[in-house]
Every structure is written in structure tokens, then in C-alpha cells.
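Beneath this line is the structure, given in C-alpha cells, with notes to follow.
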Amino acid sequence: MTINQRKTALVFGGSRGIGGAAVEQLVKDGFDTAFTYVSRPDSANALVANIGSIGGRAIAIQADSGDPEAIRAAVAKTVDLLGPIDAVVVNAGILRINTVESVSLEELDMMLNINVRGVYLSIQAAVPYLKDGGRVITIGSNVAISTGSPGASVYQLTKAAVAAMVKGLALDLAPRRITVNNIQPGPTETDMNAGAIEMLSARSPLKRVAAPEEIAGVVSYLASQASSYMTGSSLTIDGGLTL
Ligand SMILES: NC(=O)c1ccc[n+]([C@@H]2O[C@H](COP(=O)([O-])OP(=O)(O)OC[C@H]3O[C@@H](n4cnc5c(N)ncnc54)[C@H](OP(=O)(O)O)[C@@H]3O)[C@@H](O)[C@H]2O)c1
């Protein structure tokens, strides 16, 4: 592949877990990939080094998805260094478990800011720099929106918001042939589930959780030409957990 054929991707929240696997997969698919992180420069730098060692190009940008200015700056830096964007993946998200009696205003605002407002603002900031025919991919959760779980009400409402927003965004961007789709992973082996893998595996029909690379496979499909007629959809990959 010559340099002119390479594509550009931006992954919000791409230093580890599902986002890290998505960055690695996109690089393998021929994307020069920028990604953001917020708190763990060690993970971000290790991923950049790993991708460099396989001959790919990745750029780590510290940008809190709760901060609108940081989001805009991350987009600007990506375009400056890698050019117009072919695919944007909005993966950054947080999970805090507390029942309604104990959710603080601070926690509610933080989850709304990162999981909902940050997703919307990331897409809004990227849109002017997305190529016509480009891709927008979000990460939601069908488990969160289709089932109930004590202490998860705020997380659940944020993921329902993501599933809803892709529908309107898909129609807004259809005139430019930009597709907008939402991936809904089931329990996946990441830091978010540390300590709960055994319990989550036991609940799964397949008796295991997903590997981040399996979710990245869906990112790869949605970022590819093969998905060009799919837009406004939420794709569940949960090992049958919600059947
Ligand atoms: N794991 C699951 O079972 C599961 C299931 C369904 C949906 N999801 C969703 O999938 C997404 C990724 O989950 P994960 O399990 O891979 O999470 P994770 O292991 O906790 O990794 C989160 C990633 O997002 C980044 N991030 C977190 N907060 C951020 C912020 N404010 N600004 C910018 N980046 C931020 C982290 O960067 P740092 O390294 O700097 O902290 C890290 O790269 C989330 O939206 C989550 O809700 C996960």
C-alpha cells in the first residue's frame, strides 16, 4: 500500500481495552490512527511503541472527553498530523456503580459528560473534517439498555442515549454518505470488568466474556467499505447474553 492509499482514523479513548484493540485493528486495516487517552500515558505510549514495531503509525493525544476544548484540540491535532479523517470511533466511556440513593450530582454529571455529551461533541468536532463517505462508530451496550442491573441506572441511561443519537446523526450525515453506527458489546475482558470475569463468564451462554479483539473485528467491518449500506444501526455482540 502506498502512502497515498493509507486512511486516517481517530479513536476517542484508545489507549487500552476495547479502544486499544480497535486502534491495533485499524492500523492493520491500513489506517494511520490517532487516539486519545486521559489518565494512563504509560498504556498510551506502550500502544504507540507496539504499533511502531509492526510498521504502523499511531499517535497518542491526551484529551479528556469531558472537556469540549480538549476534544476539539484532539481533532485539530489529528487533522494537522494525519490529514482529513476517514473514520472516527468514539469509545471513551466510564462505568460507576451506585444505587439511586447514593449517586452524587458530581458522579451523575461526570458520566453524562463523558458517556453522552463527550460522545456527541467528539462526533460534532470531527464532522467538518470527515471525508464524504466516511465512518462514525460509537460504543454502546445492549446489556445496559435491554436489561436492568442494580446500581447501573446512570450507565444504562447513557448507553441508551448513544443508541438513540446514532439514528438522528445517521440522517444528518447521510447526504454526505457518512455512516453512523453503534456497537453494543457484551461483557468484555478489560480493566472495566477487573475482578468480575469469572462471574460474567458464568452468566454467558458461551461461558466466557469477549476478547477486546472480537469487538475490534466489528469496528473493522464498520470502518470498511463492506458496511457502506449500514447506517443508524446498533450492532450487538454479546455472546447471546441478552437473548
Ligand atoms: N468492557 C465491557 O464489558 C464493555 C461492555 C459494553 C460496553 N463497553 C463500553 O466500551 C467502551 C470501552 O470500555 P473498556 O472496557 O475498554 O474500558 P476501559 O478498559 O476502562 O478503557 C477505557 C478507555 O477509554 C479511555 N478513557 C476513559 N475515560 C476517558 C476520558 N474521560 N477521556 C478520554 N479517554 C477516556 C481510557 O484512557 P486511559 O487509559 O487514559 O484511562 C481507556 O483508553 C466504553 O464506552 C464502555 O462503556 C464496555
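Side-chain atoms are counted along with the backbone in the values below, which use heavy atoms only and exclude waters and symmetry mates. For clarity, every value in this text was computed on a predicted model and none was experimentally measured. One-based numbering, in listed order, for ligands and for the atoms of each.
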Neighbour list for ligand 1 [protein residues, heavy atom under 4.0 Å]: Gly13, Gly14, Ser15, Arg16, Gly17, Ile18, Tyr37, Val38, Ser39, Arg40, Ala63, Asp64, Ser65, Asn91, Ala92, Gly93, Ile94, Ile114, Ile139, Gly140, Ser141, Tyr155, Lys159, Pro185, Gly186, Pro187, Thr188, Thr190, Asp191, Met192, Asn193
Taking NZ, NE, NH1 and NH2 as the nitrogens, is one of them in Asp191 or Arg40 under 4.0 Å from a carboxylate oxygen of the other? yes
May I have the step-by-step check of salt bridge (charged side-chain N to carboxylate O under 4.0 Å, His left out) for Arg6 and Asp29, ending in yes or no? CA-CA 9 Å; Arg6 288 196 68 84; Asp29 291 344; over 6 Å; no
Strictly by modelled atom types, are Glu101 and Thr99 linked by a side-chain donor-acceptor pair under 3.5 Å? yes
Which distance, rounded to the nearest 0.5 Å, do you find between the CG of Asn115 and the CG of Leu112? 8.0 Å
Salt-bridge test for Arg177 and Asp132: reply yes if a basic N is under 4.0 Å from a carboxylate O, no otherwise. no
Output all residues satisfying side chain to side chain donor-acceptor pair (under 3.5 Å) with Gln62, sequence neighbours left out; order by chain, then residue number. none
